[in-house]
Amino acid sequence: MTEASSSRLREGRRLSRPFFDRPTQRVARELLGAAVVVVGNDGRERAVRLVETEAYVHDDPANHAYRGPTERNRSMFERPGTLYVYRIHQVVCANLVTRPGEAVLLRAGAPLSPELGRPVGPGRLCRVLGLTLADDGVDAVTGGRLRVLARPGGAVLVAAAPRVGIRRAADRPLRFALVGSPWVSRPRPPAVGPFSEVSPTRSRGVAASRRTRTTRRRSSGGGRSGGRSAGR
DNA sequence: CCTCGGATCAGCT
DNA sequence: GCTGATCCGAGGA
């Protein structure tokens, strides 16, 4: 890892338990821009900056925890900030738990060191970071292998869109992406709203998140571009 | 038990 | 755009 990216990784403070212990949709949006850092067996750190997340919430038939605890989703009922890793086909996907039975899927990130591959898509993101099923249940707040660091910069613009690859509750806009990031997975959210502006989370808390505002797309003109072609 | 299909991805048409 | 890989968790055709 280069020195530049290494120092960049020290910038944000580690996200605390109360950060994750909030409504999942809000956590999903405010995780955008946060750094996810994973320490490998060799002590090497691999890190990305999150650019895309999805919220899986209560009363959400697409949520693995929709029907309550099972052996697979056990870690979704652990403390906020726990990692839930599950397998789909030949890959694994990772989530950060918020409240019991709810979590944020980590869908894509921007690499923070050049030797990383493309952390675009939840399976590739886990592969790039070296996350496996063995990481299911680790604590991102106090654990040693996994850290999540607050986004250092100012406010960012976030687009909301339907989640990817699900059949049930397919139209709920619970997918969030940094507007303009080239690392967002496909299908890209529309280039035009609705956006929300997310302010930085402050060290005193979480209270700063209440400043989150929503900016509505101007409906003047009405050039709706790039309609999604088909639901799955 | 047995079956179904998936919070995916790469590769091909 | 569409399909196959590939396999296990969850629910009951």
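Chain identifiers are assigned alphabetically (A, B, ...) following the order of the sequence lines, protein sequences preceding nucleic acid strands; residue numbering begins at 1 within each chain.
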Please evaluate residues A:His64 and A:Tyr86 with respect to the criterion ring pair (Phe, Tyr, Trp, His ring centres under 6.0 Å), reporting the C-alpha separation (whole Å), side-chain torsions for both, the decisive distance (0.1 Å), and the verdict.
CA-CA 10 Å; A:His64 287 177; A:Tyr86 70 92; 4.5 Å; yes
Using a 5.5 Å cut-off between ring centres and planes within 30 degrees, is A:Tyr56 stacked on the base of B:dA7?
yes
Is any side-chain N or O of A:His64 closer than 4.0 Å to OP1 or OP2 of C:dG9?
no
Who is the Watson-Crick or G-U wobble partner of B:dA7, with both distances under 3.5 Å?
none
Are side-chain N/O atoms of A:His58 and A:Tyr66 paired as donor and acceptor at under 3.5 Å?
no
Tell me whether the guanidinium CZ or amine NZ of A:Arg99 lies under 6.0 angstrom from the six-membered ring centre of A:Phe77 and within 45° of its axis.
no
Closest listed nucleotide, where the reference is the side chain of A:Ile88 and the choices are B:dG6, C:dC7, B:dC9
B:dG6
A:Val91 has its side chain closest, among C:dC8, B:dT8, B:dA7, to B:dT8
With a 3.5 Å cut-off and no angle check, do the side chains of A:Asp139 and A:Thr82 form a donor-acceptor pair?
no
Just name whichever nucleotide pairs with C:dT6, Watson-Crick or G-U, keeping both distances under 3.5 Å, else none.
none
So if I take every side-chain heavy atom of A:Arg124 and compare against B:dA7, C:dT6, B:dC9, which nucleotide ends up nearest?
B:dC9
Could you state the CZ-C1' distance from A:Arg72 to B:dA7, rounded to the nearest angstrom?
9 Å
At under 4.0 Å between heavy atoms, what does A:Arg163 touch on the DNA or RNA strands: base, sugar-phosphate, or nothing?
nothing
Please determine if a side-chain N or O atom of A:Arg107 lies less than 4.0 Å away from the OP1 or OP2 oxygen of B:dT8.
yes
Atom P, compared across B:dG6 and C:dC2: separation rounded to whole Å:
16 Å
